[in-house]
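All remarks here apply to the structure that follows.
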Amino acid sequence: MSIAWTSRYALRMKGTKSSAIRELLKLTQNPEVISFAGGLPASDLFPIERFKEACRKALEQSAALALQYGETEGYKPLREMIARHISRYGIKAQTENILVTTGSQQALDLIGKLLINAGDRVLVEAPTYLGALQAFNLYGAEYVSVPCDENGLRSDLLEASLRSGPKFMYVLPNFQNPSGTTLSEERRRALVMLANRYGIPIVEDDPYGQLRYEGEHLPPLVVLDRENVPRDSGYTLGNVIYLSTFSKTLAPGLRLGWVVAPPEVIAKLVQLKQGSDLHTSTFAQIVAYEVARDNFLDKHVKRLRIVYRERRDVMLDALSQYFPPGVIWTRPKGGLFLWVTLPNGMDANELFREALKQNVAFVPGDSFFAPDGQRQEGSQHFRMNFSYAQPEEIREGIRRLSVAAKTQLERLRVTHQS
Ligand SMILES: Cc1ncc(COP(=O)(O)O)c(C=O)c1O
């Protein structure tokens, strides 16, 4: 007798389904399609020679370590390197504050496991990173969404939402995925102050902070939060769990991210991680360490900034040149994405179908909104990635997309007239 698998699935699987758009996004694998859909760094910039050398060294000099089981917390020299690296942004962490994870996506899953009981509310930005929603949904999260504008989360609207007692806030202060906007310093301070006043933890997700193309670096929430903690307490207290990753600066295929948190939180996450994967690949950690060392990572990030800034500018230019009036978009100062808003009456999902006919793709906005009532707003927006395609492809892709947009606008005009 063959098993009816659906009758065996746990309750948490209820409501998990792959969306129609996800299925359509598979079509973007077609080489004819210019895709602005993925959050992919440029494959042509991967430092392949440096990786080859690092793999050779890992196997020649540290094979017994690299191929063996390792500590759940992560490879110590890599954690020390991360501590030095983030100290430049003012984050004063010791190795006991750092846990290496299998991508920061795993950190989101572990945080969901640690903090969310079914029915707990998580305060999120509208829009927010859809991978976080996917991770938190599995633990039965509900949501309180707070609107954003060009300066990020509207901290002036935060207090009412905090009064409803969310379990924690999930915030992306730098070059947000999907909108590309950055939380202003004033709002960062307001956010940290309110979190402190209401006793609500902050999960600060920062994969893009180093990829700044203009303007001054702004203090992370985790640093501003430390200003509220007595100086002699070391890094034992604090309201912020900070996440980052090597995915956007070295290579996502490494699957290496990290968490910075007070040691008691790290200890709990370590327990959860043991149940999940024992530890992150030691081989990948040693290779990343060997690649990044001797300031290579800094030099590499400088190069990424130059190339991505150029790609962003090409996309912004092409949007101004080709797009019909009434469509607006954000001007991100860093990161990998910009966010387009369509005029009233236009629908990003319909545009997506039209765009696929022109062999160009993006991600429609709905999936970036938590299911607490603001989702409809999403259909007026879409996310565009500018890091992956070459400049000439970006220009051609935007041209194709504008053809799709004009076709849809014309159809709307005809429907209105008839
Ligand atoms: C905001 C945000 N958080 C987390 C992740 C997951 O990154 P990774 O698991 O590759 O470190 C991403 C990936 O795009 C992201 O944009």
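Numbers here simply count residues along the sequence, with the first being 1. Both ligands and their constituent atoms are indexed starting at 1 by order of listing.
Below 30°, between 30° and 60°, or above 60°: for Tyr9 and Trp5 the angle between ring planes is below 30°, a parallel geometry. Classification of the His381-Trp339 ring pair by plane angle, with boundaries at 30° and 60°, yields parallel.
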Verdict with reasoning, Phe352 to Phe362, per ring-ring contact (aromatic ring centres under 6.0 Å, His included): CA-CA 7 Å; Phe352 178 75; Phe362 55 78; 5.6 Å; yes

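Legend: residues meeting side-chain hydrogen bond (donor to acceptor under 3.5 Å, both in side chains) with Glu185, ordered by chain and number and at least two apart, are Arg189.
Panel note: side chain Thr245, backbone Pro207; no donor-acceptor pair is recorded below 3.5 Å.
For the side chain to side chain donor-acceptor pair (under 3.5 Å) criterion with Lys273, the lone passing option out of Asp109, Thr280, Thr101 is Thr280.
Around ligand 1 you find Gly103, Ser104, Gln105, Tyr129, Leu172, Asn177, Asp205, Pro207, Tyr208, Thr245, Ser247, Lys248, Arg255, each with a heavy-atom distance below 4.0 Å.
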